[in-house]
Structure formats: C-alpha cells, structure tokens
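One structure is given below, encoded as structure tokens.
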Amino acid sequence: MDLEFNSQEELYQRVLPALRAKCQELARLGLSYIREKDIWNYLILNKWRKAQDLQLSDIVSDIMHVDSYELDRYVKDMMFQAKRKREEENLEVI
C-alpha cells in the first residue's frame, strides 16, 4: 500500500499522533516545553534534509526514536535565538 501526501502539512497531520506520543514521553522526562512542531522541525532540518523516498514507517520510527538530548539542545537553541531576536527588536536606537 503506497501512501502519497500532497503537502508537508498533510504528512504532518498523518503523523501527529506519533508526535503527540513522543511529546508525552518527553514530558515524563521533564522536557514538557518541547512541542510537536519542535520535533517535526528538528527532524526536517537534521534527519530528513537530504532523505529521499521516505516511508511513513521510517518517519514514525524517526519520531519515536529521536535523540532527546539532541532535540533538547535544538529547542533550547531555537528558544535562545527567538529571545535574542525579540530583545534586539525591542532595543531603541539612540
């Protein structure tokens, strides 16, 4: 059975239950600030960037087995960058 998705959003919706399950697991480990989109974006940027012909089972497996330490570092870095950007936008030029 071949599944094809017309958009990345459609694929995201299909794997959302796996993303939610992983978030619940991470919350039990004390990483409750990590959201579904964080996992998704991390995997897009770090795991699937050059991948071709990914199977749905591979995507779900990657979600469920993502390295929590690396994911935590990625999310904290993104949070730091967002905070820094907000601070820079709020600075008044004298």
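Computed over heavy atoms, backbone and side chain alike; hydrogens, waters and symmetry mates excluded.
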Pair Glu25 + Lys22, salt bridge at N-O below 4.0 Å: yes
Measuring from atom CD1 of Ile34 to atom NZ of Lys76, what distance do you get when rounded to the nearest 0.5 angstrom? 8.5 Å
Interatomic distance, CG@Asp62 vs CD1@Ile44, rounded to 0.5 Å, equals 11.5 Å
For residues Leu45 and Trp40: do they belong to one hydrophobic cluster (side chain heavy atoms under 4.5 Å, members Ile, Leu, Val, Met, Phe, Trp, Tyr)? yes
Evaluate side-chain contact (heavy atoms from CB on, under 4.5 Å) for Tyr42 paired with Met78, printing each intermediate quantity in order. CA-CA 10 Å; Tyr42 170 80; Met78 291 295 110; over 6 Å; no
Least distance between heavy atoms, Tyr74 atom then Asp38 atom: CE2-O, 3.7 Å
Quick check on the hydrophobic clustering: are Phe80 and Leu31 connected, directly or via other members, by side-chain heavy-atom contacts under 4.5 Å? no
Between CD1 on residue Ile63 and CG on residue Leu71, distance to nearest 0.5 Å: 11.5 Å
side-chain contact (heavy atoms from CB on, under 4.5 Å), that's the test. Do Val75 and Met79 meet it? Break it down for me. CA-CA 6 Å; Val75 171; Met79 291 168 71; 3.6 Å; yes
Closest heavy-atom pair, Ala18 versus Met64, reported as atoms and distance to 0.1 Å, is O-SD, 3.5 Å
How close do Gln13 and Pro17 get, counting heavy atoms only, and between which atoms? O-CD, 4.0 Å
Please determine if Arg86 and Glu89 form a salt bridge, counting it only when a charged side-chain N lies under 4.0 Å from a carboxylate O. no
How many angstroms lie between CD1 in Ile59 and CG in Leu54, if you round to the nearest 0.5 Å? 5.0 Å
side-chain contact (heavy atoms from CB on, under 4.5 Å) between Arg14 and Glu10: does it pass, once the steps are laid out? CA-CA 6 Å; Arg14 180 67 178 224; Glu10 188 179 332; over 6 Å; no
